[in-house]
Trainee: 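What follows is a structure written as structure tokens; I'll ask about it next.
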Amino acid sequence: MEVRTYPLNYAMMRELWPDWNATDASAGLFAERCADLNQRVLMDVIKRHRCEPAGQYKEPKIHRVLEMYGEVMRDGSVRAQFASQVVSTDLTAEEAAELDIEADEIISTATDEEVRAARALYPINPDLPGGKRMLAAALRRMRGRR
């Protein structure tokens with residue numbers, strides 16, 4: 001699976017808005033604000049922004065991209081944050097299998113207490129499609145908060 005990086009997302013923006021002439025200052029500001037974000041979620045937000053009325057201008061509205069990203073991250077907790085990785089329809093069978101293996105590894109290192117806590121905090125059913133990946137994402141998120 002291709003790892004999504006900020007330079008790839010920036011290149012995609014340049015292709016989606018070919019008449020955009022970003023100054024060094026504005027490009028640097030956008031990089032500063034976006035380089036540490038979840039790049040897969042950012043990619044989805046950029047694509048959605050291009051299709052909305054605000055995206056029809058000759059340049060992307062950076063404030064709108066960041067606003068949309070914030071909405072995604074706030075509104076759906078784990079599901080919104082990891083949906084593009086967990087239930088992405090553009091994954092090949094091989095990529096999905098890799099994500100499932102990674103999820104199995106994360107879950108296998110979790111204690112029963114961690115699994116119970118993750119399932120209590122987030123509406124996760126590991127028996128549904130993508131459910132194991134959701135549980136693994138929740139565990140990663142919980143571990144990151146310690």
Trainee: Could you tell me if the side chain of Phe30 sits less than 4.5 Å from the side chain of Val65, heavy atoms only?
Mentor: yes
Trainee: Taking all atoms of both residues into account, what is the closest heavy-atom pair of Trp17 and Tyr57, and its distance?
Mentor: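 For Trp17 versus Tyr57, the nearest heavy atoms are CD1-O, 3.3 Å.
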Trainee: Is Glu102 close to Arg133 at the side-chain level, that is, under 4.5 Å between some pair of heavy atoms?
Mentor: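 A side-chain contact is absent here, since even the closest heavy-atom pair is not under 4.5 Å.
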Trainee: Taking 4.0 angstrom as the limit, do Arg64 and Glu52 come out as a salt bridge?
Mentor: yes
Trainee: Taking everything shown except Gln56 itself, do over 12 heavy atoms lie less than 6.0 Å from its CD?
Mentor: yes
Trainee: Taking all non-hydrogen atoms of both residues into account, name the closest pair between Ile106 and Thr109 and its distance.
Mentor: O-OG1, 2.8 Å
Trainee: Do Leu42 and Gln39 make a side-chain contact, defined as non-hydrogen atoms from C-beta onward lying under 4.5 Å apart?
Mentor: yes
Trainee: What is the distance from atom OH of Tyr6 to atom CD of Glu32, rounded to the nearest 0.5 Å?
Mentor: 10.5 Å
Trainee: Indicate every side-chain donor-acceptor pair of residues 20-28 with a distance under 3.5 Å to a residue at least two apart or in another chain.
Mentor:
unit_1, atom_1, unit_2, atom_2, d
Thr23, OG1, Ser26, N, 3.0
Thr23, OG1, Ser26, OG, 3.1
Ser26, OG, Thr23, N, 3.1
Ser26, OG, Thr23, O, 3.2

Trainee: Would you call Lys61 and Glu67 a salt bridge, using N to O less than 4.0 angstrom?
Mentor: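 The answer is no: the pair does not qualify as a salt bridge.
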Trainee: How about Val41 and Asp44: do any of their side-chain heavy atoms sit closer than 4.5 Å?
Mentor: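 SC-SC contact between Val41 and Asp44 ruled out.
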Trainee: Looking at every non-hydrogen atom in both residues, tell me the closest pair between Leu139 and Ala110 and how far apart they are.
Mentor: CD1-CB, 3.8 Å
Trainee: Identify the two heavy atoms, one from Ala103 and one from Lys132, that lie closest to each other, and give their separation to 0.1 Å.
Mentor: CB-O, 3.8 Å
Trainee: Measure across Tyr69 and Asn38 and return the closest heavy-atom pair with its distance rounded to 0.1 Å.
Mentor: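 So the two residues come closest at OH-N, 2.9 Å.
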Trainee: Taking the side chain as C-beta and beyond, is there a heavy-atom pair between Arg50 and Met12 under 4.5 Å?
Mentor: no
Trainee: Is the closest side-chain heavy-atom distance between Asn9 and Met13 below 4.5 Å?
Mentor: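 Asn9 vs Met13: side chains apart.
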Trainee: For residues Cys34 and Leu66, report the shortest heavy-atom separation together with the two atoms involved.
Mentor: SG-CD2, 3.6 Å
Trainee: Drop me the distance from Leu16's CG to Glu59's CD, to the nearest 0.5 angstrom.
Mentor: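 It comes to 14.0 Å.
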